[in-house]
Asker: 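Pasting a structure here, questions to come.
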Amino acid sequence: MRIPIIAGNWKMNKTISESTYLVNEIKESHLREDVEVVVAVPFTSLTEVKKAIEGTRIKLAAQNMHWEGQGAYTGEISPLMLKEIGIDYCIIGHSERRQYFNETDETVNKKAIAALSYSIKPIICVGETLEQREKNEEEKVVEEQILKAFEGIEEGQIKDIVIAYEPVWAIGTGRTASSEDANKMCGFIRKIIGYKYGEQAAKTIRIQYGGSVKPTNIKELMDMDHIDGALVGGASLVADDFVKIVNY
Ligand code: 13P
């Protein structure tokens, strides 16, 4: 039984006071108990949001991290620093980081391994661009992203990893993948994990869909057998919408 996981990726939105306000709105709402709820907030808000969610079931995520514990990497944030705050998850390899900040499959792999070594659960993002989909290369692209991201990761660590399939063309565009297409790719990802780690690992790993998830399309996505949750951008910035998505 895979526990559904719905995470709000706030991206570069919300000051500290705005973050506290939003998370308080979320925590005061009824949240479905059979769903794991995660908020991925900006670095600057992590500490205050951590305090605000104490005693609730809401989990905390960072949106990125470096792979070293410390060192001369000006401007970076390490897993050691994040561990002290008490984060549960960290988004790794979001397409916006790949697109704008030179994130590569290699750095995604290093970060995923580092996160696991600090008992931070990585949410590893993969997904093809529109151009790649139009050339029917989406499976090849995603397979390569997955295989590279998982290099050196062992079967025993699979239970602590979440994969987010986020087709780049569906992010922030209002254009969602059809639930069938999203499910097909999530099933394909599960198959890759199965080849690499065996059937049990394939059954265990949780795979989210992300890209224009809204209160109106979440149910249909969650009804699909290979989709175990959602990584929500824009709609996670409005408490009412995010809560509706969690309570799909
Ligand atoms: P949107 O929900 O705004 O399309 O963003 C998706 C996303 O990138 C979540 O990580």
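Read the numbers this way: they start at 1 and go in the same order the structure lists the ligands and their atoms.
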Asker: Please determine whether any non-hydrogen atom of Ala235 lies less than 4.0 Å from an atom of ligand 1.
Answerer: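 Heavy atoms of Ala235 never come under 4.0 Å of ligand 1.
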
Asker: Which of the atoms of ligand 1 are close to Gly211, meaning less than 4.0 Å from one of its heavy atoms?
Answerer: 4 (O), 6 (C)

Asker: Can Glu48 and Lys51 be counted as an ion pair, charged N to O under 4.0 angstrom?
Answerer: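 Counted as a salt bridge, because a side-chain N and a carboxylate O are separated by less than 4.0 Å.
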
Asker: So among Glu76, Glu103, Glu68, which one has a salt bridge (Lys or Arg N to Asp or Glu O under 4.0 Å) with Lys111?
Answerer: Glu103

Asker: Set out, in order, the CA-CA distance, both residues' side-chain angles and the distance that settles side-chain contact (heavy atoms from CB on, under 4.5 Å) for Leu237 and Lys14, then state yes or no.
Answerer: CA-CA 8 Å; Leu237 297 172; Lys14 304 291 174 190; 4.0 Å; yes

Asker: Would you mind running through ligand 1 and noting each atom that sits below 4.0 Å from a heavy atom of Glu166?
Answerer: 6 (C), 7 (C), 8 (O), 9 (C), 10 (O)

Asker: Which of the atoms in ligand 1, numbered in the order shown and given with their element, are less than 4.0 Å from a heavy-atom of Ser212?
Answerer: 1 (P), 2 (O), 4 (O)

Asker: For ligand 1, is there an N or O atom under 3.5 Å from any N or O atom of Gly210?
Answerer: no

Asker: Distance to the ring centre below 6.0 angstrom and angle to the axis at most 45 degrees; does that hold for Lys121 and Tyr89?
Answerer: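 The answer is yes; both the distance and angle limits are met.
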
Asker: Out of Gly172, Ala7, Cys125, who gets a non-hydrogen atom closest to atom 4 (O) of ligand 1?
Answerer: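 Ranked by closest heavy atom to atom 4 (O) of ligand 1, first place is Gly172.
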
Asker: Gly233 versus ligand 1: do any nitrogen or oxygen atoms come within less than 3.5 Å of each other?
Answerer: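 Min N/O separation from ligand 1 is below 3.5 Å for Gly233.
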
Asker: Are Ala170 and ligand 1 in contact, using a heavy-atom cut-off of under 4.0 Å?
Answerer: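 Ala170 counts as a contact of ligand 1 under the 4.0 Å cut-off.
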
Asker: Of the options Gln132, Glu128, Glu134, which is the one that meets Leu130 in a side chain to side chain contact (heavy atoms under 4.5 Å, CB included)?
Answerer: Glu134

Asker: Assess whether atom CZ of Phe43 is packed by more than 12 heavy atoms of other residues, nucleotides or ligands within 6.0 Å.
Answerer: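 Enclosed.
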
Asker: Does ligand 1 come near enough to Gly234 that some N or O of the ligand is less than 3.5 Å from an N or O of the residue?
Answerer: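 Yes, at least one N or O pair falls under 3.5 Å.
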
Asker: Is the closest N or O pair between Asn9 and ligand 1 shorter than 3.5 Å?
Answerer: yes

Asker: Could you check whether Lys59 pairs with Glu36 (Lys NZ or Arg NE/NH1/NH2 to Asp/Glu carboxylate O, under 4.0 Å)?
Answerer: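 Yes.
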
Asker: Less than 3.5 Å between some nitrogen or oxygen of Lys11 and one of ligand 1, yes or no?
Answerer: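 Checking ligand 1 against Lys11, an N or O pair does fall under 3.5 Å apart.
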
Asker: Does Arg190 pair with Asp228 as a salt bridge, N-O distance under 4.0 Å?
Answerer: yes

